[in-house]
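What follows is a short report on a single structure.
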2 protein chains.
Amino acid sequence: MSIVVVGSVAYDSVETPYGTRERILGGSATYFSTSASNFTGVRLVAVVGRDFNEEDRNFLQGRGVGLEGLVVEEGETFHWKGRYEGDMNEAQTLDTRLNVFERFSPQLPQAYRSLPTLFLANIDPELQLQVLDQMERPQLTAMDTMNFWIEGKRDALLKLLPKIDVLLINDAEARSLAGESNTVRAARVIREQMGPKRVVVKRGEFGVMVCSPDGFFVAPAFPLETVVDPTGAGDTFAGGFIGSLDRDGTLDEASIRRAAVYGTVMASFTVEDFSLDRLKRLERSEIEGRYEAYLAATRI
Amino acid sequence: MSIVVVGSVAYDSVETPYGTRERILGGSATYFSTSASNFTGVRLVAVVGRDFNEEDRNFLQGRGVGLEGLVVEEGETFHWKGRYEGDMNEAQTLDTRLNVFERFSPQLPQAYRSLPTLFLANIDPELQLQVLDQMERPQLTAMDTMNFWIEGKRDALLKLLPKIDVLLINDAEARSLAGESNTVRAARVIREQMGPKRVVVKRGEFGVMVCSPDGFFVAPAFPLETVVDPTGAGDTFAGGFIGSLDRDGTLDEASIRRAAVYGTVMASFTVEDFSLDRLKRLERSEIEGRYEAYLAATRI
């Protein structure tokens with residue numbers, strides 16, 4: 001099977017209690033692709049500027065990520081600058097330069113349109129709708145979003161959600177979208193009243209909650225003593241989650257739960273170092289090893 | 001088997017988004033005893049004032065809670081007034097009147113001193129030490145504490161911790177006690193450097209983490225759509241946890257994990273109504289039913 005992912009490829013400048021890094025590889029589609037490529041084939045659709053490094057392109061290519069849809073435009077690559085402090089549960093944005101990403105109008109290469117799985121990373125829901133329209137008949141459509149769109153493009157978002165199999169969203173965003181102060185109720189309200197078949201609420205260091213037609217699945221995060229840089233954890237989770245689902249080829253409850261654990265495992269690696277550094281040196285055997293360690297740490 | 005619990009019996013005035021209640025039954029030892037009495041025998045050691053209701057005494061007696069150690073003194077019962085807002089994860093204390101609790105000097109009735117299990121609810125660690133000294137040879141000693149003692153009575157706390165089998169503590173307190181910003185590391189540092197055999201970190205709506213010699217056990221909370229009043233959730237958890245351990249009579253890893261789930265289940269009932277109202281009308285079959293529902297919601 002194979003996944004098309006549409007999102008951002010970026011350079012990030014990040015400050016955490018563990019250090020500072022300038023212009024390191026980032027972006028939702030980058031984290032997603034790298035993570036998902038451990039499970040299945042991935043085709044990336046994004047835009048970068050002339051400053052995008054050959055080294056970074058080669059890295060993605062080396063993971064087998066299809067780059068036919070990675071457009072290079074005049075100008076600079078999307079740049080995000082942020083800081084994490086204390087318990088590092090929330091990023092403080094210091095600067096956002098959309099650059100070429102501001103005029104992003106994703107066009108799927110012809111060969112991608114018949115692929116079975118689509119992940120719409122966090123971009124303008126109007127663009128997400130346009131991308132979905134370009135797909136022929138996806139078996140699994142998943143998406144992420146954020147407060148900026150929940151507040152500013154609610155109509156487009158509400159038009160999109162009924163077409164979605166899996167909405168991935170963080171807890172504060174879920175509460176905001178549903179207008180509910182309780183996260184569990186927010187997830188159910190979104191699923192029952194806004195149309196996505198399943199809602200996956202990402203809670204950072206507290207794990208995930210999946211609201212399905214059958215009820216709730218709750219799973220803690222992998223207990224980590226050292227979190228160096230949380231950037232990309234959510235997109236890495238999504239890559240493991242959707243990658244595992246695409247590999248399984250089904251959406252039954254057992255696959256959903258296994259996928260949630262793979263997503264959790266992948267995210268736990270990402271945060272152990274800056275940028276994609278930990279994922280770059282990650283062995284398949286480490287993924288399976290931590291999957292087993294996760295089962296051991298949660299088994300009742 | 002049987003547990004001695006030493007802590008507070010109080011009247012609380014509570015304001016939550018679901019309403020306001022004045023002078024309702026509360027206190028750490030009250031929640032603990034009521035919860036634990038579903039699993040094993042409980043003897044309560046606490047102090048109340050002349051205003052303590054016959055009805056509340058009868059309720060505890062009706063649960064089979066031993067009240068020989070419940071001393072009535074001249075003056076008023078401990079009174080706490082607090083408010084919860086928004087996601088209700090934190091109580092805002094509006095008023096605390098220690099009243100008779102200020103001169104609390106717990107004396108265990110002779111018959112209690114040979115009991116196998118002791119729970120020291122959140123009181124001055126110097127008093128906790130005095131109580132521990134009165135016990136003959138407990139098989140299981142557990143305790144709770146809070147930031148007020150971590151900051152103000154650190155020496156007494158550090159003297160007490162090596163004598164303890166299970167420290168129950170919330171996440172912010174664990175980080176403060178260990179001087180660590182990461183909760184997982186904080187739990188390990190407390191266990192390895194301060195002496196308690198196991199550290200149970202309570203994370204409210206995000207569940208619990210148990211740090212044992214064998215490693216970590218992490219468990220999410222039961223997904224609840226309605227939280228009416230979080231007061232007493234931590235002590236109710238402790239009651240289910242220690243109650244289940246006392247009933248099992250062992251501290252092996254399987255018992256610890258089962259106990260953590262029973263604690264989680266009991267806490268999930270408490271927060272569904274004000275004061276002990278939900279626990280008062282709780283049937284044993286509901287406990288087992290929710291235990292099974294918890295397994296179903298977390299099974300991978």
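Within every chain, numbering begins at 1; the chains are lettered A, B, ... in the order of the sequence lines, protein sequences first and strands thereafter.
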Can you tell if the side chain of B:R185 reaches within under 4.5 Å of the side chain of A:T226, non-hydrogen atoms only?
-> yes
Working to the nearest 0.5 Å, report the span between CZ of B:R257 and OG1 of A:T298.
->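 Output value for this atom pair is 7.5 Å.
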Value for CD1 (B:I300) from CD1 (A:I300), rounded to nearest 0.5 Å, stands at 9.0 Å
With only heavy atoms counted, which part of B:A296 is less than 4.5 Å from chain A, the side chain, the backbone, both or neither?
-> backbone
Is any residue of residues 191-224 of chain B within less than 4.5 Å of chain A by heavy atoms, and which ones?
->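 Residues B:R203, B:E205, B:F206, B:F216, B:F217, B:V218, B:A219, B:P220, B:A221, B:P223, B:L224 are the ones that qualify, each having a heavy atom under 4.5 Å from chain A.
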Chain B contact via A:R299 - which portion, at a heavy-atom distance below 4.5 Å |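 Backbone plus side chain of A:R299, per the 4.5 Å heavy-atom cut-off to chain B.
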Are there more than 12 heavy atoms of other residues, nucleotides or ligands under 6.0 Å from atom CD of A:E90?
->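 No.
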